[in-house]
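Inspection log for the structure reproduced underneath, given as structure tokens.
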Amino acid sequence: MERRRIGAAALEAGAIGLGCMPMSWAYSGSGRRGAESLRAVHRALDVGATLLDTADMYGPFTNELLVGRALRERRAEAFVSTKVGLLVGEQHIVANGRPGYVKRACDASLRRLQTDVIDLYQLHRADPEVPVEETWGAMAELVRAGKVRALGLCAVGAHAGRRPGAHLYDATIRQLERVQQVFPVSAVQAELSVWSPEALDALLPWCGARGVGFLAAMPLGNGFLTGTLRPGAGFEPDDMRARHPRFTAEMMAANQPIVAGLRRVARRHGPSVTPAQVALAWVLAQSPHVVPVPGTRHEHRVAENAAAHGLRLTAEDLAEVAELPAAQGSWD
């Protein structure tokens with residue numbers, strides 16, 4: 001697989017990564033099987049999808065433990081990305097950016113991941129009670145201590161606190177400008193997909209102008225862009241899509257033209273090409289700094305997603321995708 005550079009630290013990873021969150025968190029619990037998830041991680045490394053993206057809050061903690069079981073045998077092959085800054089309670093999630101906590105959390109992540117260094121340590125969310133420079137400074141000390149190789153920042157949700165007329169990622173760019181003064185940002189992680197292209201407006205250009213890597217979260221639209229979800233089929237109560245305004249039966253039906261457009265493009269490239277692969281190839285085409293990180297817990301989906309790196313969309317394909325209708329049922 002083609003390899004792409006992750007920021008100023010001169011680290012490289014496969015052009016397509018693996019989001020490990022669905023193995024332990026946010027999606028239907030009944031489908032979680034540790035053995036199958038481990039096979040998915042191993043398959044990702046087999047095909048060159050070396051970037052494994054996790055976080056201490058996923059589970060919480062169980063996702064890092066799972067990834068650590070795979071890393072025990074294959075650490076040298078993997079690019080390990082995990083996150084800090086969010087604590088999970090019974091019914092809530094809170095930010096914690098206190099420097100002492102960040103350092104303790106890193107040590108705990110290292111133990112769970114069974115490694116002595118984290119390739120990319122990302123701030124999941126800034127703590128509103130702690131200046132982000134203080135949190136970032138503590139993370140920078142971890143780099144100097146040899147526990148972390150590079151630092152990244154997860155974007156503030158595009159739908160949180162939006163002001164009329166503002167770019168969706170203004171708050172994230174302000175944070176980036178602040179922490180960049182303390183220690184270099186190597187990567188930014190934010191949602192980017194055919195049905196959520198907002199990062200193309202300002203956030204991705206900001207990264208491109210500074211050589212900062214961009215990890216495209218949810219590049220398959222939480223599964224919608226695969227074309228495998230049926231409107232009205234419903235989701236288990238613990239699945240985050242059960243509460244997402246784009247995953248009501250009405251909105252899923254209304255957004256079918258997006259999937260139909262991806263199918264049309266896929267057919268031009270051969271009978272085995274899937275809408276998911278077209279969606280990932282579109283993300284890859286946006287910038288050489290982008291690494292899409294599709295999440296899955298299924299080995300066959302890992303192989304399907306990884307194969308998208310060889311799909312080259314034509315100018316006609318890209319123009320057709322650009323003309324697809326905007327997704328309905330947004331957070332607005």
Side-chain angles (χ1 to χ4, degrees), residues 6-9 21 25-26 53-64 80-113 115 117-163 166-191 199 202-203 206-207 210 212-215 217 240 331:
I6 307 294
M21 182 183 73
W25 179 259
D53 187 66
T54 181
D56 57 3
M57 73 166 286
Y58 299 159
F61 311 128
T62 54
N63 201 242
E64 286 187 331
V80 181
S81 168
T82 192
K83 309 177 190 74
V84 67
L86 289 178
L87 296 172
V88 180
E90 283 295 323
Q91 299 293 331
H92 63 282
I93 297 172
V94 296
N96 188 339
R98 294 190 296 274
Y101 168 75
V102 168
K103 294 174 183 178
R104 292 193 302 273
C106 179
D107 287 339
S109 288
L110 288 167
R111 288 193 298 271
R112 287 188 291 267
L113 291 165
T115 185
V117 64
I118 294 164
D119 295 306
L120 180 65
Y121 203 38
Q122 300 185 73
L123 179 58
H124 218 154
R125 288 291 182 272
D127 186 339
E129 303 299 322
V130 179
V132 69
E133 292 87 350
E134 291 185 16
T135 305
W136 199 256
M139 295 172 69
E141 289 181 27
L142 296 170
V143 178
R144 289 188 280 269
K147 296 180 179 182
V148 170
R149 290 197 171 103
L151 302 184
L153 183 76
C154 292
V156 177
H159 312 289
R162 183 179 178 185
R163 302 188 310 277
H167 291 304
L168 295 180
Y169 288 108
D170 277 355
T172 294
I173 291 175
R174 288 194 295 271
Q175 284 184 353
L176 287 166
E177 298 284 4
R178 291 170 62 184
V179 301
Q180 190 82 312
Q181 302 302 312
V182 177
F183 192 87
V185 178
S186 286
V188 173
Q189 184 164 168
E191 184 173 3
L203 186 57
W206 188 96
C207 293
R210 293 160 180 80
V212 172
F214 188 97
L215 307 189
M240 65 180 183
W331 297 94

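- Of all heavy-atom pairs between Ala199 and Phe214, the closest is CB-CZ, 3.8 Å.
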Show your reasoning for whether side chain to side chain contact (heavy atoms under 4.5 Å, CB included) applies to Thr62 and Arg112.
CA-CA 9 Å; Thr62 54; Arg112 287 188 291 267; over 6 Å; no

What donor-acceptor contacts under 3.5 angstrom involve side-chain atoms of residues 175-182, with partners at least two apart or in another chain?
from   : atom 1 : to     : atom 2 : distance (Å)
Glu177 : OE2    : Trp206 : NE1    : 2.9
Arg178 : NE     : Glu133 : OE2    : 2.8
Arg178 : NH2    : Glu133 : OE1    : 2.8
Arg178 : NH2    : Glu133 : OE2    : 3.4
Gln180 : OE1    : Val185 : N      : 2.7

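- Put simply, the side chain of Tyr169 does not reach to within 4.5 Å of the side chain of Arg174, judged on heavy atoms.
- Under the side-chain hydrogen bond (donor to acceptor under 3.5 Å, both in side chains) criterion, Tyr121 pairs with no residue at all, not counting sequence neighbours.
- Atom CZ of Arg210 has more than 12 neighbouring heavy atoms from other residues, nucleotides or ligands inside a 6.0 Å radius.
- A pairwise comparison of heavy atoms in Ala150 and Ser186 identifies CB-OG, 3.4 Å as the closest pair.
- Across all non-hydrogen atoms, the minimal contact from Val148 to Leu151 is CG1-CD2, 3.8 Å.
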Show which side-chain atoms of residues 102-110 pair as donor or acceptor with protein atoms under 3.5 Å away, not counting sequence neighbours.
from   : atom 1 : to     : atom 2 : distance (Å)
Lys103 : NZ     : Glu141 : OE1    : 2.6
Arg104 : NH1    : Gly100 : O      : 3.4
Asp107 : OD1    : Lys147 : NZ     : 2.8
Ser109 : OG     : Glu64  : OE1    : 3.2
Ser109 : OG     : Glu64  : OE2    : 2.9
Ser109 : OG     : Ala105 : O      : 3.3

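- In terms of the salt bridge (Lys or Arg N to Asp or Glu O under 4.0 Å) criterion, residue partners of Asp119 (sequence neighbours excluded) are, by chain and number, Arg75, Arg149.
- Between Ser81 and Leu215 the shortest heavy-atom distance is OG-CD1, 4.4 Å.
- Of all heavy-atom pairs spanning Ala95 and Ala126, the tightest one is CB-O, 3.8 Å.
- Heavy-atom minimum distance, Pro60 versus Trp25: N-CZ3, 4.3 Å.
- Put simply, the side chain of Arg125 does not reach to within 4.5 Å of the side chain of Ile93, judged on heavy atoms.
- The side-chain hydrogen bond (donor to acceptor under 3.5 Å, both in side chains) test applied to Asn63 returns Ser24, Thr54, not counting sequence neighbours.
- For Ala217, the side chain to side chain contact (heavy atoms under 4.5 Å, CB included) partners two or more places apart in sequence, or in a different chain, are Gln189.
- Taking NE2 from His124 and CG from Leu87, the interatomic distance works out to 11.5 Å, rounded to the nearest 0.5 Å.
- In this structure, CE in Met139 is found 8.0 Å from CG in Leu153, a value given to the nearest 0.5 Å.
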Please lay out, stage by stage, how Leu120 and Val80 fare under the test side chain to side chain contact (heavy atoms under 4.5 Å, CB included).
CA-CA 6 Å; Leu120 180 65; Val80 181; over 6 Å; no

Does Val88 form a side chain to side chain contact (heavy atoms under 4.5 Å, CB included) with Tyr58? I'd like the steps, not just the answer.
CA-CA 9 Å; Val88 180; Tyr58 299 159; over 6 Å; no

Quick one, Thr135 with Arg98, criterion side chain to side chain contact (heavy atoms under 4.5 Å, CB included). Give me CA distance, side-chain angles, the key distance, then yes/no.
CA-CA 6 Å; Thr135 305; Arg98 294 190 296 274; over 6 Å; no

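- No hydrogens or angles considered: nothing links the side chains of Asn96 and Glu129 as a donor-acceptor pair under 3.5 Å.
- Put simply, the side chain of Leu86 does not reach to within 4.5 Å of the side chain of Val94, judged on heavy atoms.
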